[in-house]
Every structure is written in structure tokens, then in C-alpha cells.
Protein chains: 4
Amino acid sequence: MARPKSDDKRKAILTTACHLISQQGLSAPTAQIAKEAGISSGSLFTYFENKNVLFNELYIELKGEIAQATLSSDQISNTPSEQLYIFWKNLTYWLMRNHSKTKTLQLLNNSDDINDTTRKTGEQSMAKLASLIDEVRQIGAMKESPLSMVVAYMESLVHTTVDFMSKDVANSEEHCKTGFKALWRVIR
Amino acid sequence: MARPKSDDKRKAILTTACHLISQQGLSAPTAQIAKEAGISSGSLFTYFENKNVLFNELYIELKGEIAQATLSSDQISNTPSEQLYIFWKNLTYWLMRNHSKTKTLQLLNNSDDINDTTRKTGEQSMAKLASLIDEVRQIGAMKESPLSMVVAYMESLVHTTVDFMSKDVANSEEHCKTGFKALWRVIR
Amino acid sequence: MARPKSDDKRKAILTTACHLISQQGLSAPTAQIAKEAGISSGSLFTYFENKNVLFNELYIELKGEIAQATLSSDQISNTPSEQLYIFWKNLTYWLMRNHSKTKTLQLLNNSDDINDTTRKTGEQSMAKLASLIDEVRQIGAMKESPLSMVVAYMESLVHTTVDFMSKDVANSEEHCKTGFKALWRVIR
Amino acid sequence: MARPKSDDKRKAILTTACHLISQQGLSAPTAQIAKEAGISSGSLFTYFENKNVLFNELYIELKGEIAQATLSSDQISNTPSEQLYIFWKNLTYWLMRNHSKTKTLQLLNNSDDINDTTRKTGEQSMAKLASLIDEVRQIGAMKESPLSMVVAYMESLVHTTVDFMSKDVANSEEHCKTGFKALWRVIR
DNA sequence: TATGAATGAGGTTTCATTCAT
DNA sequence: GATGAATGAAACCTCATTCAT
């Protein structure tokens, strides 16, 4: 019977959960999430069967948002190099500007509460980026390595780059470029 | 002068805490840690004032162990390149073989329970590695970037590398080399 | 609108708390209070945010009951002297007959857990008695002393009187009168 | 085999206990008392079998000190009235100046931890004051009441008086006199 | 469907007292 | 006798989840 009535409330819960988790960690109480989302503590469980389900759906939601922000762009380029840089910029700037989402995703990622199916689903939303990387690396130093590994290296470089962009916003553009050059040397 | 505080017990607590945290997360109960460490629930607090202190001391302990494993080596080399590779191997293999310590450290790292003093102390134990990296990068692509950033990139590459070494132990040696090459391209 | 918070339960908690505190002191466990009040240990905290709040509300409740018992009387008299005696009788007999409430109030009074606001509120419930005393003393020996002091003397005489009424119930009426006469000599 | 070695330590424990109890209530930890008294937590129990014994001995100690301060005076007077006033002054001023002892005694007095034997012993130290009161009241308004009641009234007047002396030190002398006049009217 | 009171297991920490050293 | 580590029973309070309204 599809999902419960109000999609607004569902969204409100996810948004609030993200906020509170970024501040308090995964132990942020469901009651507080509900209250700050403008619903009663009991209602949360009509939208998410339990806290674990909430975590998993939040994970997918955030992964989706990131993919959206990264991949749907006004700028389009013909060369893979330039296209990858556009994605890289989209991604790093979005992460930098969405600190609480980034933090929450990191916590969820490290948690055993996120199951494999969810992780798979999360990966798929970035498929387009993965295939671009696949294309780019074919003639590069990592052409023999599994794609998943290359993607993983990219992700770790992204996070480190964003850390520095956030800590030193004045030079964020420069850090962004530095990070991309590092990525390029890794895969090309 | 009464029973002296036993260093064995302190160690047992830290070891057990690490084990349980790697399985259950930071919410692993102090009572369970105490019991499995072979002491009474109250005794844990004669060794660590509270759970937060336990976390911080565990963090420092683990950082220290990693530094020990990475930096104290039979092999010594004259060229920075080779020396760095030795450290890299020590580090990645230790992390691969000490999964629960690695997992716990990751959880602690992401937690607000670890204070700045502790983080500083943790950093210092790896000073030797940092200075080697500093030396190596001087003529490389990242010579303009702050050392802390280069170190951060290295750490993120380490973790990604170790993930793949663990998931595919049969080819761990190859993954280890692949990772090092990536690092070398990033900083040189 | 879900189950409404039950006033019966609130009262039951206060009543039980009073009972247990009079027997065990302020360290009477909240869990025992809850259980004997017929609710679960956690529910106590939906009615009182924490033990301290419970103490303060209990204080106000008891002060209110005393005021009620003292000031609302069938008998009314025109002369201040007689009116004061009626109040005195009401008060002393109520305290004598409500031993656990008296004991509990005494413990609360000596405790730092009761805050100033609560104490103020408690005072106000006896305002009518205070103003009667104010009236009576105007031509007496303590006309120069602050009202609060006169009230304080009265209270201390009350408690001493009640102690003897309780210890020697057979002669409680006489003790009551003796006490009143002492009061009268103090303020008149 | 008599009391343990050092009487200094015993005194130190009692003094410290009094201090801490006046600040934290009867739940002041024995370990803290011991430490601040300069001995180990375990040693406290060689001087006092358990916390309850400590309470009782502290009670007697304090009662004794009060008696000493009240009854042993340079000034001596022939008329009971004047002698009683001297005692009254000694007592009220001592209580005012020894706030923590006064507070502690009050807490002990309200506690079930003090047994009847201890209370009796405490009373006896003030026997001289009681007999003076006995003498004074013989021709007064309370000549028919039991002595213990008269003493009790005096004590309650003392405490109320001291409260006001403490709260308004500038006028403590006046409050002291006011209190004594009230006492005199009560018993004479 | 929405609400929020009710539940009770579980978590961290405290503390009087004991006892090995 | 002195020490202080060890003990473990409580204590207070939180919180995911249920269910009466």
C-alpha cells in the first residue's frame, strides 16, 4: 500500500534526522527527530518502521542528493578530462556547502546499521561518474585495477580535499584544483 | 602501599574495549568491557575516570601502536623512496592484520569524544613519517601545499588501499604496491 | 489526542514519594516511588522531569495542603486573637495527624534541592496567616521586628508544639494551648 | 583495645566530615572525607566502624562543642536572668559564627542515622543550661510544662534567632536581644 | 492516521566497605 | 596500622517502540 500519506512529513523527518545526527551522532533520539520535524514521536514509526530503516533510507536519500548535485550540471564538456573536472567541482563544492549532510553520511557509512543492499543502491546513483572514471583511466596507470578500487581512491581523495576546503574556505578553489590534480595523477 | 594499579588490567581494558567497539560501535557498554576484561564493572573507573577518558586514552594507545609498527623496522634504506615504501608496507599490513584496531580507530576518529589535545598527541607519534613525506614532496607536485594536507592525502590512500587488501587478501601484495604507486604519483 | 497525562498518577507519585521520603529520607529511590505508585520506573519522568523537579513540586504541594488545612475553616471569628487561635489549632492538628507529610517537608526544607522560587511560592500560600500575624503584632512586643522574623518564630513554635503533641497524644490539646499561649506572649 | 592510635586523625576526620556535610549533605562520600582529612579512604574505617558510627560520633562531638562554647564563660552572674542571657549570647553567637557546624548538626538531627543513645548523650552535655532554665521557669508561665518542652522551645527560638543574625549580621546584636526577650516572655 | 503516555531494559557512574599488600 | 584497588549493588535517567485514545 505504497508509502504513507504525506511525503512532506517523510522529507521533514529525513531532513531533521540529518541535522541532528550531524550534531549528536547516530544516537540522536528518534523522539527529538520527530519533535523537531513537527510530528509526534509515535508518528515517526509510521513513516519508518524503525530507526534502522530510517538510517538506511536516509543513506540512500543523501547519496541520491549527492549524485544529483554532482551529475546534473549546466556545463557539459566533450573531453573526459574537462567533464571529470566539472563533476569533481560539483561534488566537492556541494560537500563543502552541505556540511551536516556530509557528516551524517560519514557516520552512516561507518555504521553497521547500513546493510549491503542499501550500500549497493547508494553506489548505483553515482554510476555515471563511475563510468566516466572508467573511461578516463583506460589509458592510465590504474588501467589494470578494478574499477571499484579506482572509484574508492577518488572518493577518499574527495573527502580529504573537502576537509581542507572547509577548513580554509578562503582558498577553497585552490584546494579543489590541487585535489583534482592529485586525482588525475592517480588515475592517468 | 596497598595494591598498585595493575598495568596488565589497564591494558586488558583497552584491549577489550577495542574488540567490543569494533563489533558494537562506541556504544559498547562499559560494564561489558569490564566483565570481558576480567574485572568488576566499578573497577574500570579506577583506571579510566569515565568512558570519555577511556576513549581518548584508547585513541592514543592505538595511534602509538600504529606508529610503532610503522616506524620501527628492521629494514632501513637510504633513499627516501625506498624508506617511504618500507613505512607504507609496515603500515598497510599492520592495518590489514589488525582489523578491529583499525575499525575502532576509525570510529574514534569520527567521534566528538576525542578532544583536540588527544588528536595532537596522536599526530605526534607519526612525526617521523610526516617528516619523511615532507622531504619527499619537496621537489614534487605538492611542494606548495601544506604538509598536513599531503599527510592527509596519504592517510586517505592508506585506508582505501587497506580496504582492498583486506577484501582480497590473495592479492594484497599487489594492492599494496598499487596503492604506493598512487601515493608516489600524488606527491612526486 | 493520545492518552492524556493522568492527574491521578501525578498525585499518586507525589503521595508515594512523600510516604517513602518520610521513611527513608530524600534518598528514597525514584524506582521504588514509581513502583509503589503503580507505574513503571520510566513513567515517573514523564510527570517530573527529574528527581529534583519532583522534590520541588512535592514541596509546593505540601505547602499548599498545609495552607488549605490551616486557612480554610468553618469557624470564623471576629477578633484576631480568636482567629489566630483557630488557625493555630488547624495547623498544629493537621501537622500532628499528617506525620509523614510533616517529616518530608522538614527534610525538603533543609535540602539544597529546593530552589528559591519554590520557597517563595511556598511562602505565598500562607500569606493570609502572615497578614493576620502582622495585624496582631502591631501593638505587641515585636512591632519593630520584620514580619518575616515574627512568622519564623511562629513556625518554630509550631513545630516544637507539634512534636510534643505527637509524643504525648493524650495531652495534645493541652500542649496545643500551651504552645499558643507561648506564641501569644512572644508576639503580643 | 581502646581507640586507635592517633587522636589527631580522628579529629581531622570529624572536622572534615563536618565541612563536607555542611556543603553536600549527609551523602558526602567517605572517600572524600578521608582524602581531605589527609588519610586514605580505608583508614577512615579504622577510626569509625562505618559511616553511621561516624555520624553519631560527629553528633556528640558537635553537641559537646556547643555546650563548651555556651556554658564555659568568663562572665558569671548571680541572677538567673543575667546568667541565662550570657548563655544565650554565647550560644547564638557561636552558632552564627560556626555555620557549617550548625548546618551539619541540623542535618544529623533530622536524620534517622542518629540513634536514641546518641541523642541522649547529646542532651546531657547541655544539662547545666537545662537546669538553669528549670530554675528560671519555676515561677513563670510554663511552670506546669515538662522541662524538656521548655528546653525544646528555647532551642527552636535559638535557631530562628540565629538564622536572622546570620542573614543580617549588621544587626545581629539587636536580633540576639530580640530573641532573648521572646524567650524570656515564653518562660517567665 | 496522529498522538504522546507508558514501558522497562539498559547505560554510566557512585560509593560504602573489604582486603591484599 | 596504613593504603588504595577491588567490588558490585544501586541510583538516576534515556530511549526505541508500542498502543490506548
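FYI, side chains are in, hydrogens and waters are out, and symmetry mates aren't considered; it's all heavy atoms of this structure. Small disclaimer: the values here were computed from a predicted structure and weren't measured.
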Could you state the [atom1]-[atom2] distance from [X] to [N], rounded to the nearest angstrom?
X       : N      : atom1 : atom2 : value
A/Leu26 : F/dA16 : CG    : P     : 11 Å
A/Ile21 : F/dC15 : CD1   : P     : 13 Å
A/Ile39 : F/dT17 : CD1   : P     : 14 Å
D/Gln32 : E/dA16 : CD    : C1'   : 14 Å
B/Ile13 : E/dT13 : CD1   : C1'   : 15 Å
D/Gln24 : E/dT14 : CD    : P     : 13 Å
C/Asp8  : E/dA5  : CG    : P     : 15 Å
B/Arg10 : F/dA5  : CZ    : C1'   : 16 Å

Measure from the side-chain N and O atoms of [X] to the backbone N and O of [Y], and report whether any donor-acceptor pair falls under 3.5 Å.
X        : Y        : value
B/Asp113 : B/Phe55  : no
D/Thr118 : D/Ile114 : no
C/Asn56  : C/Asn115 : yes
C/Ser111 : C/Leu107 : no
D/Ser125 : D/Gly122 : yes

Inset, instruction - Could you identify which residues of residues 42-52 of chain B place a heavy atom less than 4.0 Å from some atom of DNA chain E, listed by residue number, or say none? - result: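 The stretch gives B/Gly42, B/Phe45, B/Asn50, B/Lys51 as the residues lying under 4.0 Å from the strand, ordered by number.
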
When the side chains of residues 32-48 of chain C are checked against the rest of the protein, which donor-acceptor pairs come out under 3.5 Å, sequence neighbours left out?
from: C/Gln32; atom 1: OE1; to: C/Gln24; atom 2: NE2; distance (Å): 3.2
from: C/Gln32; atom 1: NE2; to: C/Glu36; atom 2: OE2; distance (Å): 3.1
from: C/Ser40; atom 1: OG; to: C/Ser43; atom 2: N; distance (Å): 3.4
from: C/Ser40; atom 1: OG; to: C/Ser43; atom 2: OG; distance (Å): 3.1
from: C/Thr46; atom 1: OG1; to: C/Ser43; atom 2: O; distance (Å): 2.9
from: C/Tyr47; atom 1: OH; to: C/Ser6; atom 2: N; distance (Å): 2.9

Inset, instruction - Answer yes or no: does atom CD of D/Gln68 have more than 12 heavy-atom neighbours from other residues, nucleotides or ligands under 6.0 Å? - result: no

Inset, instruction - Begin from the C-alpha positions of B/Leu54 and B/Leu14 and carry the test side-chain contact (heavy atoms from CB on, under 4.5 Å) through to its verdict. - result: CA-CA 8 Å; B/Leu54 169 60; B/Leu14 290 171; 3.7 Å; yes

Legend entry - Of C/Ala31 and B/Ser6, the one whose closest DNA chain F nucleotide lies more 5': B/Ser6

Inset, instruction - Could you tell me whether D/Lys35 contacts a base, only the sugar-phosphate backbone, or nothing, with contacts defined as non-hydrogen atoms closer than 4.0 Å? - result: nothing

Inset, instruction - Side chain of C/Pro29 only, please: which of F/dC12, E/dT3, E/dA20 is the nearest? - result: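 Minimum distance to the C/Pro29 side chain belongs to F/dC12.
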
Legend entry - Which nucleotide in E/dG4, E/dA6, E/dT13 has an atom nearest any side-chain atom of B/Thr30: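 Closest nucleotide to the B/Thr30 side chain: E/dT13.
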
Legend entry - F/dA6 OP1/OP2 closer than 4.0 Å to side-chain N/O of B/Lys9: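 Yes, such a contact exists.
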
Legend entry - Pairing annotation in dot-bracket form, given for DNA chain E with Watson-Crick or G-U pairs under 3.5 Å and | for cross-strand partners: .||||||||||||||||||||

Legend entry - Single hit among B/Leu62, B/Ile13, B/Asn98 for side-chain contact (heavy atoms from CB on, under 4.5 Å) with B/Cys18: B/Leu62

